[in-house]
Amino acid sequence: METSKPAEGSEPAAPGTEPDQHAAAKTDAAESAAATEPAVTAESAAKTEPAATAAASVPTLGDVLLAAEELWPETLAEGWDAVGLVAGRPFRAVERILFAVDPTAEVIDEALDWGADLLVTHHPLFLKPVHSVAGTGFKGDAVHRLIEGGCALLTVHTNGDSAVGGVSDVLADAFGLHGVVPLVPAEDGLPEEGIGRVGELSEATTLADFAKLVFSILPAVAGGVRVAGDPHGLVRRVAVCGGAGDSLFDAVRRHKADVYVTADLRHHPASEAREAAVNGRPYLIDVSHFGSEWLWLTPAANALENVLNDQGFAAEIRISGTNTDPWDFVLTPGLN
């Protein structure tokens, strides 16, 4: 959402990304950029004529968009967000789908080398309006490379945060929470939909032990995990928000959470949250933005595969092995 020490965490799985005959056989190039075509919605995609050469069991991009809309409705996206299809023609066949957190140059390399027909990323390539996709900039170059490589791009961002089984649901499941409800319910969604989640551990534990659990579950990144609070303090009620969640402290306090796990905690919101704390709570656990959302990729890919299979389609789906956390190393007292 936009609103640990490396050796001890679990590294993202690194599936093979070598080129193969599928990639070599892709010769379609120079599709028109998304900025020059009418916006495509899941509804309009369903009315688009499928490619005549696509095998009956292979979905078109339009079919995949409908499946994605079933899982992560665009109506759940925050008003400031930019989700949906960024590049691609709805009638093109989609045999291979790659999931990633960010549409970086390295991830695009991975997608094209593997011969992916669709790249699904959590974070948008274009969050703010643009008036050019010239290849002279890195974002324009990304669009051109995807189009020339025959790979569409789909963004599932805050709609993927709010949906059932979304980013924060995955975190809550990973931490063993039960009785989970949204931290901030969606205005026009189901009761289970909304930003963030809050629930309870089966039994109380110390903040230090819970922080170690969080650290052990997330992928290893340079920034590690930062914790604010009494290491011996007991915690049971836990609030989580994948991605940047320091705008949600009021909701965290309303739910009387003992500890709040989120990413990108800035100095002033974190400092004020500690000043406003009651008996030291909520304690704070600040994790990697990338790491907090990476866990969602595998369940999301499995969910999409299941929906496509239920509809009589089959596609090969893979999780990116690229770590797109932007930090390379960190200096701490005694470790320089």
Side-chain angles (χ1 to χ4, degrees), residues 1-4 76 78 158 160-187 189-218 223-296 299:
M1 171 187 170
E2 306 289 341
T3 24
S4 329
L76 289 178
E78 298 294 298
T158 52
D161 290 323
S162 287
V164 174
V167 172
S168 293
D169 266 334
V170 172
L171 286 175
D173 288 344
F175 299 155
L177 304 186
H178 60 86
V180 174
V181 297
L183 194 56
V184 179
E187 291 185 4
L190 300 172
E192 300 87 358
E193 295 172 332
I195 296 295
R197 297 292 186 268
V198 60
E200 294 195 355
L201 298 168
S202 296
E203 58 184 33
T205 186
T206 66
L207 175 62
D209 284 343
F210 181 67
K212 290 175 184 177
L213 172 68
V214 171
F215 180 80
S216 70
I217 288 172
L218 297 179
V225 171
R226 301 188 298 177
V227 185
D230 177 5
H232 305 291
L234 294 179
V235 299
R236 185 165 189 178
R237 191 159 180 78
V238 180
V240 301
C241 180
D246 65 13
S247 64
L248 302 179
F249 278 119
D250 287 343
V252 173
R253 285 186 283 266
R254 281 198 305 273
H255 285 279
K256 294 180 171 56
D258 296 315
V259 60
Y260 181 34
V261 184
T262 190
D264 294 347
L265 284 177
R266 295 169 295 169
H267 173 86
H268 293 296
S271 177
E272 291 175 3
R274 297 200 69 178
E275 289 294 308
V278 177
N279 296 323
R281 295 170 175 80
Y283 301 135
L284 306 178
I285 299 181
D286 185 28
V287 302
S288 157
H289 191 131
F290 159 80
S292 70
E293 296 171 333
W294 178 81
L295 290 180
W296 170 76

Point to revise | Atom NE2 of His178: over 12 foreign heavy atoms under 6.0 Å | key: yes
Practice item. Mind checking the CG-CZ spacing from Leu284 to Phe249? Nearest 0.5 Å is all I need. Key: 5.0 Å
Review point. Knowing that exactly one of Asp161, Val240, Ile195, Leu183 qualifies, which makes a side chain to side chain contact (heavy atoms under 4.5 Å, CB included) with Ser168?
Key: Val240
Practice item. Measure the spacing between OG of Ser292 and CD1 of Ile285 and express it to the nearest 0.5 Å. Key: 13.0 Å
Point to revise | Nearest non-hydrogen partners of Phe210 and Thr205, listed with the distance | key: CB-CG2, 3.9 Å
Point to revise | Nearest-0.5 Å distance that lies between atom CG in Leu295 and atom CG in Asp169 | key: 13.0 Å
Check your understanding: If you look at every heavy atom in His289 and Asp264, which pair is closest and at what distance?
Key -> ND1-OD2, 2.5 Å
Review point. Between Tyr283 (side chain) and Gly233 (backbone), is there a donor-acceptor pair under 3.5 Å?
Key: no
Exercise for review: Calculate, to the nearest 0.5 Å, the distance between atoms OG and CZ belonging to Ser247 and Arg266 respectively.
Suggested key: 8.0 Å
Exercise for review: Compare all side-chain heavy atoms of Val287 with those of Thr262 and state whether any distance is below 4.5 angstrom.
Suggested key: no
**Study point:** Any donor-acceptor pair under 3.5 Å from Arg236 side chain to Ser202 backbone
**Key:** yes
Check your understanding: Are any non-hydrogen side-chain atoms of Leu76 and Thr158 less than 4.5 angstrom apart?
Key -> no
Review point. What heavy-atom pair brings Val170 and Pro299 nearest, and what distance separates the two atoms?
Key: CG2-CG, 4.0 Å
Point to revise | Salt-bridge present (Asp258, Arg281; N to O < 4.0 Å) | key: yes
Check your understanding: Is there a side-chain contact between Val198 and Val181, using heavy atoms and a 4.5 Å cut-off?
Key -> yes
Review point. Are the side chain of Asp246 and the backbone of Pro269 linked by a donor-acceptor contact shorter than 3.5 Å?
Key: no
Check your understanding: Got a second to check how far Glu192's CD is from Arg197's CZ, nearest 0.5 Å?
Key -> 9.0 Å
Review point. Taking side chain as C-beta onward, heavy atoms only, is Pro185 less than 4.5 Å from Glu193?
Key: no
Check your understanding: Do Leu171 and Leu218 have side chains that get closer than 4.5 Å, going by heavy atoms?
Key -> yes
Check your understanding: Just how far is it from atom CG of Leu201 to atom CZ of Phe175, taken to the nearest 0.5 Å?
Key -> 10.0 Å
Review point. Which heavy atom in Gly243 sits nearest to a heavy atom in Glu293, and how many Å separate them?
Key: CA-OE2, 3.4 Å
